[in-house]
Structure formats: C-alpha cells, structure tokens
Amino acid sequence: MPALTDSQGRVLTLRGWNVEDKTHRGDQALSAITEKHFRDMRAKGFDFARLLVFWDDLEPRPGQYSKDYLRKIERVLDWADKYDVKVLLDAHQDVFGPAFGHRGIPDWATRTDGLPFTPHPDDWFAEYFEPAVQRAFTHLYEDPDLRRAQARMWRTLADRFGDHPAVLGYDLINEPMGELKEGEDLPTAARRIERDQLTPMYNRLADAIRSADRDGWVFVEPTPIVGEGVPTGLGRIDDRKVVYAPHFYNTGMEAGADYDPAAGWIETYEQAVTRYPKEYKVPVVVGEWGPLNNSLPNMNRFYREAMASLGRYSSGWAGYVWCYGGGYCAVDDAGAFRTNKELTAEPYAEAVAGTVRSAAYDPAAGLYRLEYDAGRRGSRVTELSLPPGAWQVTARGQATVVRPAKNRNRALVIAAPGARVTVTVKAGRG
C-alpha cells in the first residue's frame, strides 16, 4: 500500500486508540478526557489518537458555532501535542444523532419526513435500520442546504485546527449508513450508498477542508458493512492526501461471542478491505477495532492474529477505546492493560526517514526488525516507539542509535543519506 507520510516526508506508522466523551455536552463537553489519557498512552508506546468530536456540540443552532467547544477541543489537542501524540479529528455520529437518543448530527439537521423510529435499547445498531434514521441520512446526503452546512462545519474545524501541531487529519464521518431500497440486500445497498452518496459527499467535504487546510490528511470510511467482508463501493476521492479508514468489527464478537478461528473472518476481511486502497493507491488506517469481551478463551489468539493482519496491509490503527474501566476500555481503573490488550503494545517505527523495505514483529521471539533505505534529502532521523519493558535497539549500516534519557520508550536512528539500514529491537535487555 502507499505510505502515509508526515510533513518531513517520513513514512508514518500510527498505533493508538480512540479518545472520547459521549456522555457530556455543553459546558461539560469533553470533560471526561484528561491530560492523563495522552500521558498514559504515550507511556505505553502509542503515538495516535482518534478524537471524537460532535457536530451537535459544535453547531447547536444553524450557523452558530460554539467558541467554548472549539476551546475545549484545542485544550485536548494541546495535551496530545505535549506528549507527541498525533490526532485525527473524527466527526462522530451514532445512529445519526440526538434526535434518536445518540450523538452526532444536530437536531436541526435531522429530517425524517415523519417516518417512525422505535428504539432498540438492547441492540443500538439495529436502530440504523429504523425508517426515520435511514431517511435522515438520505436528506443529509441529498439536501443542498444540509450539504452546505456540513461543508461549513468541516471548514470551521479545518480553519481553527489545521495549523495545530497535533492534528494529522480529518475523519469526515463515522460509520456512515443510509437508506435501503425495497428488495435490496444489505451488501447491495451498502455498495450503492458508498458509490452514489458517500463518494460525492467525501469529495465535497475534502474541497471544503482544502479551502482552509492544504496539508492535513482526509480520512474516508466505508459503511460498517465492510466488517462482514464486503468490499466497498466507494469511488475515487479527488484529493492528493486521502486515507481509507475502515473499521474492523465482527457482528458476533460485537454481541459478546468468542472469536472463531475456523470461520476465516480475519482473512476474509483483509481480502475485502485491501481492494480499494490497491485500486486507488491510498494508505489504510483502521479507525476502530477491538471486541467487547476481550477475555474469552480464543481472544488471545484473536489479538495475535489481528495484529499480524493489521501489520500486513495498514499504516496503522486506533483501537476502541482508551478509557479506564470495563467493557471496551483498553486499561483498568489503575491504568493496567485489561486481559489480552497488552498484545496491542509492540515495538514499531513511528516515522521512517527513507523508503521502508520491510518491517515486522515476531511476538513469540520478542523481536522487531526494520529494513529501510535512508533518504538522500530531508530528515535523517527515524523514530521508534517501544512499549514498557527492557529493549535492546541496534542498527547495522551507516546509522547510529540514540536513546533519549528522558523517554526510554523511544529510540532514534540517525542514518547517513542513502544508507541501507537494518534496525533490530529485541526484548529482554535495555
């Protein structure tokens, strides 16, 4: 797959977590997110956060953007920058928005034509198939005034945060859905919605962002149906910095079932999800993944196989979710990894100053190996991220390893221009 790069042209690998506060609104918006989130993520070797922001908080009334909410977002970004965590701003929606008891698109931008909505408290995802919710998506995609409002919302965010040093890019809408036509099955509907509604929407929103930010990456998602191994129907997004950003969820596991290695789900998903980036030559970053019940008997195998798969085709991922407690949380109340989630913490190259020839981690051996050709111009510094523990870092070729005294979970490799470099990271020794 093509590389994701930073402003210095270095090849990036993103490893991190979603950071969210879905509960608080208004004066209390984002209050559940603290500096500790970013300090703890970086201490465990993660360099990436997908930050959920909500249109309903940003623009509670048409054309009136909340300066207080923008300041709250900026405070979170400042914490991320302090700990050198790159941030993706995600315009999040769940079941469209507040009109249906969730968060996302404001009430004033929700049009249902009077169609019915019945809550499903035991299966919130089923609410996407309620007639009122499906019609609301159709109006968002098709009504000219809502199109303009959505574009203005993104232009406002890009204008405010495009120059912030923590901001890597923009995830244009979380898990978009749409309206099924009579007689359509779900895969057919998903491909049509992606082709006919999401593709033009993403092009509109990319143009809106470019009017304020020329350099940020634009992340585009398929519908969540991709999790069933269905290749997307998305078309070309006419922008030079597009990232394909699918989610990696399995319906059974989301309902609490154990991982079934014999079902071939990871293999099927990988085959499906790599078609679009190969065709359109864009990098892949998986925006969400991770099961609800991570301690079932087969979950250790799931995490190992999932990490291997993600490493084969993606430029990175954001697990769901960095919080302190149970459920989806990455860590417990004391900040320790919950069962099997420690397997997400591996050595990796955050930024490679050159062309990557190969990079892989063998968890059984505790061995990471990176081979690259150092660039002849620009930055000479390749940055490695190390999880907690003792690691020996060595480099062969015309390169020197530097371990910053104040940050032992980082290593820098400084290479001569054009050098062929092999970096080895081995567990067990400092």
Side-chain angles (χ1 to χ4, degrees), residues 1-16 45-48 84-86 165 168-169 215-217 219 239-245 270 273-274 276-286 307-317 345-363 365-387 391-404 407-427 429:
M1 302 299 171
L4 185 71
T5 55
D6 67 7
S7 59
Q8 301 176 63
R10 298 183 300 174
V11 176
L12 296 178
T13 297
L14 307 174
R15 300 279 180 92
F46 300 108
D47 70 336
F48 179 50
D84 196 20
V85 174
K86 302 172 186 67
L168 174 75
D215 297 318
W217 288 89
F219 287 60
D239 192 273
R240 64 187 178 86
K241 298 188 76 171
V242 172
V243 179
Y244 182 51
E270 184 174 332
V273 85
T274 52
Y276 182 87
K278 286 178 180 176
E279 180 177 358
Y280 292 103
K281 297 179 174 54
V282 297
V284 182
V285 173
V286 170
M307 288 292 291
S309 175
L310 290 163
R312 284 192 289 269
Y313 66 85
S314 81
S315 290
W317 47 260
E346 299 178 346
Y348 64 98
E350 293 185 31
V352 177
T355 301
V356 177
R357 299 176 63 85
S358 64
Y361 178 61
D362 180 349
L367 180 66
Y368 174 77
R369 184 182 176 91
L370 166 70
E371 296 184 5
Y372 71 100
D373 294 331
R376 296 187 180 278
R377 298 180 180 178
S379 176
R380 297 170 55 205
V381 179
T382 289
E383 299 183 27
L384 303 177
S385 179
L386 311 174
W391 299 91
Q392 181 189 39
V393 184
T394 58
R396 288 191 293 109
Q398 295 175 283
T400 302
V401 176
V402 177
R403 297 290 297 272
N407 195 339
R408 297 300 292 172
N409 71 340
R410 305 287 288 279
L412 309 179
V413 179
I414 304 171
R420 173 73 54 87
V421 180
T422 299
V423 180
T424 302
V425 181
K426 176 68 175 175
R429 291 171 288 177

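Just so it is clear, the structure is predicted and the values come from calculations on it, not from any experiment. Residue indices begin at 1 and follow the sequence shown.
In terms of heavy-atom proximity, Val285 sits nearest to Phe219 at CB-CE2, 3.8 Å. Here the closest heavy-atom approach between residue Ala353 and residue Tyr372 is recorded as O-CE1, 3.9 Å. A pairwise comparison of heavy atoms in Gly366 and Tyr361 identifies CA-OH, 3.6 Å as the closest pair. Contact record, Pro347 with Tyr368: O-CD1, 3.5 Å, taken as the closest heavy-atom pair. The nearest pair of heavy atoms linking Ser315 to Pro283 is OG-CB, 3.8 Å. Pairing each heavy atom of Gly45 with each of Ser385, the nearest pair is O-OG, 2.6 Å.
In this structure, Val356 and Thr13 have side chains that are not in contact, with every pair of non-hydrogen atoms separated by 4.5 Å or more. The shortest side-chain heavy-atom distance between Tyr244 and Val273 falls under the 4.5 Å cut-off. Residues Gln398 and Val421 are not in side-chain contact: their nearest non-hydrogen atoms beyond the backbone lie 4.5 Å or more apart. You'll find the side chain of Thr5 reaches within 4.5 Å of the side chain of Trp217, heavy atoms only. Residues Asp47 and Tyr348 have side chains in contact (heavy-atom distance under 4.5 Å, counting atoms from C-beta outward). Counting heavy atoms from C-beta outward, Val413 and Leu384 have side chains that approach closer than 4.5 Å. Between Val401 and Thr394 the shortest side-chain heavy-atom distance does not fall below 4.5 Å. In this structure, the side chains of Tyr276 and Lys278 stay at 4.5 Å or more apart for every pair of heavy atoms.
With respect to Arg357 and Asp373, a salt bridge is recorded, a charged nitrogen being found less than 4.0 Å from a carboxylate O.
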Exercise for the section: Go through Arg240 and Asp215 one step at a time and tell me if the salt bridge (Lys or Arg N to Asp or Glu O under 4.0 Å) criterion holds. Expected result: CA-CA 9 Å; Arg240 64 187 178 86; Asp215 297 318; 3.3 Å; yes

Problem - Criterion salt bridge (Lys or Arg N to Asp or Glu O under 4.0 Å) on Arg410 and Asp84, from CA distance to verdict - result: CA-CA 11 Å; Arg410 305 287 288 279; Asp84 196 20; 3.0 Å; yes

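Interatomic distance, Thr424 OG1 to Arg369 CZ, rounded to the nearest 0.5 Å: 5.0 Å. Separating the CZ atom in Arg380 from the CG atom in Leu412 is a distance of 12.5 Å, to the nearest 0.5 Å.
For the pair Arg10 (side chain) and Val381 (backbone), a donor-acceptor distance under 3.5 Å is present. For the pair Lys281 (side chain) and Pro2 (backbone), a donor-acceptor distance under 3.5 Å is absent. For Ser314 (side chain) and Val284 (main-chain N/O), no donor-acceptor pair under 3.5 Å exists by modelled atom type. Although no hydrogens or angles enter the test, the distance criterion places no donor-acceptor pair under 3.5 Å between the side chain of Lys241 and the main chain of Leu4.
Within a 6.0 Å radius of CZ in Arg377, no more than 12 heavy atoms belonging to other residues, nucleotides or ligands are found.
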